[in-house]
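Read through the structure below, which is laid out as structure tokens, and then see the notes.
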Amino acid sequence: MSTSEIATVLAWHDAVNSNDIDTLVELSSDDIVLPTDDDDPDQGLDELREWATSSGVTLEMGRMFVHHGIVVVEEKSTWASDPGTPVEEAIAFRVVEDQVVTVVRHGSLQDAFEATGLGEADLYEQ
């Protein structure tokens, strides 16, 4: 396990929550893949900038799981479009050389585990 992967994901969350677009871009690969509401993911830093400036999301992190460059985070996501209804979900991050390469939203922690191969044994304990 690499704590740099955890540090990258923590810093990425901080950048999203503080709307620090410059730091968010620095922490992301040029060809980052982002989830969308349809089945066609967005890709690239321009898409990331657009998402970060328009989404109005706040991410509240819960437990984290890490193994071989994959970090799964239990999240409570609150969107500006519906601030009274936080969404419980799990987000999987792929981190390579201290940059987020892929972000995938999952409806539950179990769904994220099934998609990534991680499990409770990969719990990151500080």
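- Put simply, NZ on K76 and CD on E88 are 5.0 Å apart, with the number rounded to the nearest 0.5 Å.
- Using a 4.0 Å cut-off between a side-chain N of Lys or Arg and a carboxylate O of Asp or Glu, R94 and E5 do not qualify as a salt bridge.
- Between R49 and L24 the shortest side-chain heavy-atom distance does not fall below 4.5 Å.
- In this structure, L48 is not a member of the same hydrophobic cluster as V33, with clusters built from ILVMFWY side-chain heavy atoms closer than 4.5 Å.
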- [ ] Could you please spell out the steps behind the side chain to side chain contact (heavy atoms under 4.5 Å, CB included) verdict for Q99 and L27?
- [x] CA-CA 5 Å; Q99 288 193 314; L27 292 166; over 6 Å; no
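- For the atom pair D30 CG and Q43 CD, the distance stands at 10.5 Å (nearest 0.5 Å).
- Note: R63 CZ to Y124 OH = 15.0 Å, rounded to the nearest 0.5 Å.
- Contact detail for L45 and S29: the closest heavy-atom pair is CD2-O, 3.3 Å.
- In this view, S108 and Q110, D111 satisfy the side chain to side chain contact (heavy atoms under 4.5 Å, CB included) rule, not counting sequence neighbours.
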Task: Test side chain to side chain contact (heavy atoms under 4.5 Å, CB included) applied to V95 and V9, step by step - done: CA-CA 8 Å; V95 179; V9 170; 3.8 Å; yes
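- At least one side-chain heavy atom of I6 sits under 4.5 Å from a side-chain heavy atom of M64.
- Formation of a donor-acceptor pair under 3.5 Å by the T53 side chain with backbone atoms of E50 is found in this model.
- Nearest approach of L59 to S77, heavy atoms of both residues: CD2-OG, 3.3 Å.
- Side-chain N/O atoms of N17 and T58 include no donor and acceptor closer than 3.5 Å.
- Side-chain contact check for V87 versus T85: every heavy-atom pair is 4.5 Å or farther apart.
- Closest non-hydrogen pair, E47 versus L34, comes out as C-CD1, 4.0 Å.
- Shown are D42, D46, V57, I32; of these, the side-chain contact (heavy atoms from CB on, under 4.5 Å) with W51 is made only by V57.
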Open item on the list: Apply side chain to side chain contact (heavy atoms under 4.5 Å, CB included) to residues E60 and E75 and explain how you reach the verdict.
Closed with: CA-CA 6 Å; E60 183 181 329; E75 303 272 5; 5.8 Å; no
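- Contact detail for L118 and D122: the closest heavy-atom pair is CA-OD2, 3.3 Å.
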- [ ] Evaluate the side chain to side chain contact (heavy atoms under 4.5 Å, CB included) criterion for residues I91 and V104: first the C-alpha distance (whole Å), next the side-chain angles of each, then the deciding distance (0.1 Å), finally the verdict.
- [x] CA-CA 6 Å; I91 301 179; V104 180; over 6 Å; no
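- Of all heavy-atom pairs spanning A52 and I21, the tightest one is CB-CD1, 3.4 Å.
- Contact detail for F65 and E120: the closest heavy-atom pair is CE2-OE1, 3.7 Å.
- Here ring-ring contact (aromatic ring centres under 6.0 Å, His included) pairs that include residues 74-94, with residues two or more places apart or in two chains, are W12-F93, H13-F93.
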